[in-house]
Visitor: 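Sharing a structure here in structure tokens format.
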Amino acid sequence: AITFHELRTPLTAIYGYVSLIKQIYFNDIQDAQLKNSINNIGVLCKKLSMSINNFLDSSRLEQNKIQLKNEQCNLSAIINENIKVMEKIALDKNLYIKFDSPLFPVIVQGDQARLTQIINILINNAIKFTQIGGIYILLDQQNDFTKVSIQDTGLGISEENKHMLFGKFQQAGNSNALITWEGTGLGLYIAKLLIEKMGGKIQLEKTEINKGSTFSFTIPNK
């Protein structure tokens, strides 16, 4: 954790300098390749920052050093905000993200920032492992819990890789796919620790090779 804190400090400075360059000088730069390089520095800084935050989160959760808020959260609004953030990434792959947003707010009890993080992890994974089609998000209000399901039309998870799900530093995509996946393999591990800390559960509901997977989690109602 100390090491990653040390890494984050210069990374924040680099991202700040890039933002400053874009804000003040970007319009004056004529060289398209230089502009692209500056943009790439910003993108790579964000990716590295996300990786560092994942390492820090996993370390703090294991040591029980993360205190979660217990607040009322509008789950449907959180999902819609996540879709706005992730839609550009999906569109770049010609994928859709569909969500039948309820007419009324769906209120649950939990930590809003961490629920946002969990949904972001699941949508990001769905996009990563999907090449054709898209992602469909469902909300199901039950007696004491609300269930969120995220379905994709992706590669699916092979039987021999299912045991790797929710493990630390593990990626459980279809091992037959000739693709190398980016990421630390910490996303589902962190999502599991967070959702259980909020009194919910997360699981792989179903999966089929080359047809997709459905992940779901529950969270207590207000």
Side-chain angles (χ1 to χ4, degrees), residues 36 39-40 42-44 46-47 50-51 54 73-108 110 112-142 145-158 161-162 165-166 171-188 190-192 194-195 200-219:
N36 188 54
N39 278 326
N40 284 340
V43 170
L44 292 171
K46 277 191 174 181
K47 281 188 176 182
M50 285 176 65
S51 295
N54 281 343
C73 310
N74 184 346
L75 192 55
S76 50
I78 291 173
I79 292 171
N80 280 317
E81 285 302 312
N82 264 283
I83 291 172
K84 286 180 186 177
V85 172
M86 303 299 292
E87 207 161 28
K88 173 68 167 58
I89 301 171
L91 288 173
D92 285 345
K93 293 182 68 175
N94 294 315
L95 303 176
Y96 60 79
I97 303 178
K98 294 182 180 179
F99 172 49
D100 292 332
S101 187
L103 296 176
F104 301 98
V106 176
I107 306 299
V108 297
Q112 180 166 320
R114 296 301 181 173
L115 281 170
T116 299
Q117 183 179 358
I118 291 163
I119 293 166
N120 183 274
I121 287 168
L122 292 174
I123 294 176
N124 185 62
N125 275 2
I127 293 171
K128 183 193 296 185
F129 293 107
T130 301
Q131 305 303 315
I132 299 171
I135 292 90
Y136 189 52
I137 304 169
L138 295 166
L139 268 182
D140 179 22
Q141 289 184 281
Q142 301 169 355
F145 292 86
T146 294
K147 178 181 172 185
V148 180
S149 300
I150 297 179
Q151 304 172 355
D152 65 60
T153 58
L155 298 173
I157 299 163
S158 60
N161 282 357
K162 284 183 182 178
L165 285 171
F166 307 108
Q171 290 191 340
N174 178 3
S175 57
N176 296 321
L178 301 176
I179 302 172
T180 301
W181 308 109
E182 290 185 348
T184 58
L186 283 170
L188 286 178
I190 290 169
K192 182 177 187 293
L194 285 172
I195 202 67
K201 291 182 180 179
I202 189 168
Q203 64 176 342
L204 170 68
E205 279 202 9
K206 61 180 180 179
T207 186
E208 191 173 348
I209 297 298
N210 296 324
K211 290 194 175 179
S213 302
T214 300
F215 284 84
S216 68
F217 70 87
T218 57
I219 188 76

Visitor: Would you mind reporting whether L194 and F217 have side-chain heavy atoms less than 4.5 Å apart?
Guide: no

Visitor: Could you state the interatomic distance from CD1 (I219) to NZ (K201), rounded to the nearest 0.5 Å?
Guide: 13.0 Å

Visitor: I want to check something: taking the side chain as every heavy atom from C-beta on, are I150 and L138 in contact at a cut-off of under 4.5 Å?
Guide: no

Visitor: What pair of heavy atoms forms the shortest contact from Q151 to T214, and how long is it?
Guide: CG-OG1, 3.3 Å

Visitor: Can you list everything that forms a side-chain hydrogen bond (donor to acceptor under 3.5 Å, both in side chains) with T153? Sequence neighbours excluded, please.
Guide: none

Visitor: Taking the side chain as every heavy atom from C-beta outward, state whether T146 and L139 have any pair of such atoms under 4.5 Å apart.
Guide: yes

Visitor: Rounded to the nearest 0.5 Å, what separates atom CG in L122 from atom CD1 in I137?
Guide: 9.0 Å

Visitor: According to salt bridge (Lys or Arg N to Asp or Glu O under 4.0 Å), who are the partners of K211, at least two apart in sequence or on a separate chain?
Guide: E208

Visitor: For S76, check side-chain hydrogen bond (donor to acceptor under 3.5 Å, both in side chains) against everything at least two apart and list the hits.
Guide: N74

Visitor: Can you tell me how far the CG atom of L91 sits from the CG atom of N94, to the nearest 0.5 Å?
Guide: 8.0 Å

Visitor: Sequence neighbours excluded, which residues qualify as side-chain hydrogen bond (donor to acceptor under 3.5 Å, both in side chains) partners of N39?
Guide: K22

Visitor: Can you find a heavy atom in the side chain of F166 that is under 4.5 Å from one in the side chain of I202?
Guide: yes

Visitor: Considering residues at least two apart in sequence or located in another chain, which fulfil the salt bridge (Lys or Arg N to Asp or Glu O under 4.0 Å) criterion with E87?
Guide: none

Visitor: Do I107 and C73 come close enough that some side-chain heavy atom pair is under 4.5 Å?
Guide: no

Visitor: To the nearest 0.5 angstrom, please state how far the CD1 atom of I157 sits from the CG atom of L165.
Guide: 4.5 Å

Visitor: Go through the structure and list residues passing side-chain hydrogen bond (donor to acceptor under 3.5 Å, both in side chains) with T207, not counting sequence neighbours.
Guide: S213

Visitor: Return the NZ to CD1 distance between K128 and I121, rounded to the nearest 0.5 Å.
Guide: 10.5 Å

Visitor: Should F215 and V148 count as side-chain neighbours, where that means a heavy-atom distance under 4.5 Å?
Guide: no

Visitor: Roughly how far, to the nearest 0.5 Å, is CD1 of I195 from CD of Q117?
Guide: 11.0 Å

Visitor: Within the structure provided, determine whether T130 and L155 are in side-chain contact (heavy-atom separation under 4.5 Å).
Guide: no

Visitor: I'd like to check the salt bridge (Lys or Arg N to Asp or Glu O under 4.0 Å) partners of K147; sequence neighbours left out, ordered by chain and number.
Guide: E205

Visitor: Between the side chain of N82 and the main-chain N/O of I78, is any donor-acceptor distance below 3.5 Å?
Guide: yes

Visitor: Of all residues at least two apart in sequence or in a different chain, which pass the side-chain contact (heavy atoms from CB on, under 4.5 Å) check with I89?
Guide: M86, I127

Visitor: Under the rule for salt bridge (Lys or Arg N to Asp or Glu O under 4.0 Å), what residues qualify as partners of D92, not counting sequence neighbours?
Guide: K88

Visitor: Please table the atom pairs, donor to acceptor, closer than 3.5 Å between any side-chain atom in residues 96-103 and protein atoms at least two apart or in another chain.
Guide:
unit_1	atom_1	unit_2	atom_2	d
D100	OD2	Y136	OH	2.4
S101	OG	N80	ND2	3.2

Visitor: Going by side-chain contact (heavy atoms from CB on, under 4.5 Å), name the residues that satisfy it together with E81, two or more places apart in sequence or in a different chain.
Guide: K84

Visitor: Quick one: does any side-chain atom of T218 pair with a main-chain N or O of F145 as donor and acceptor, under 3.5 Å?
Guide: no

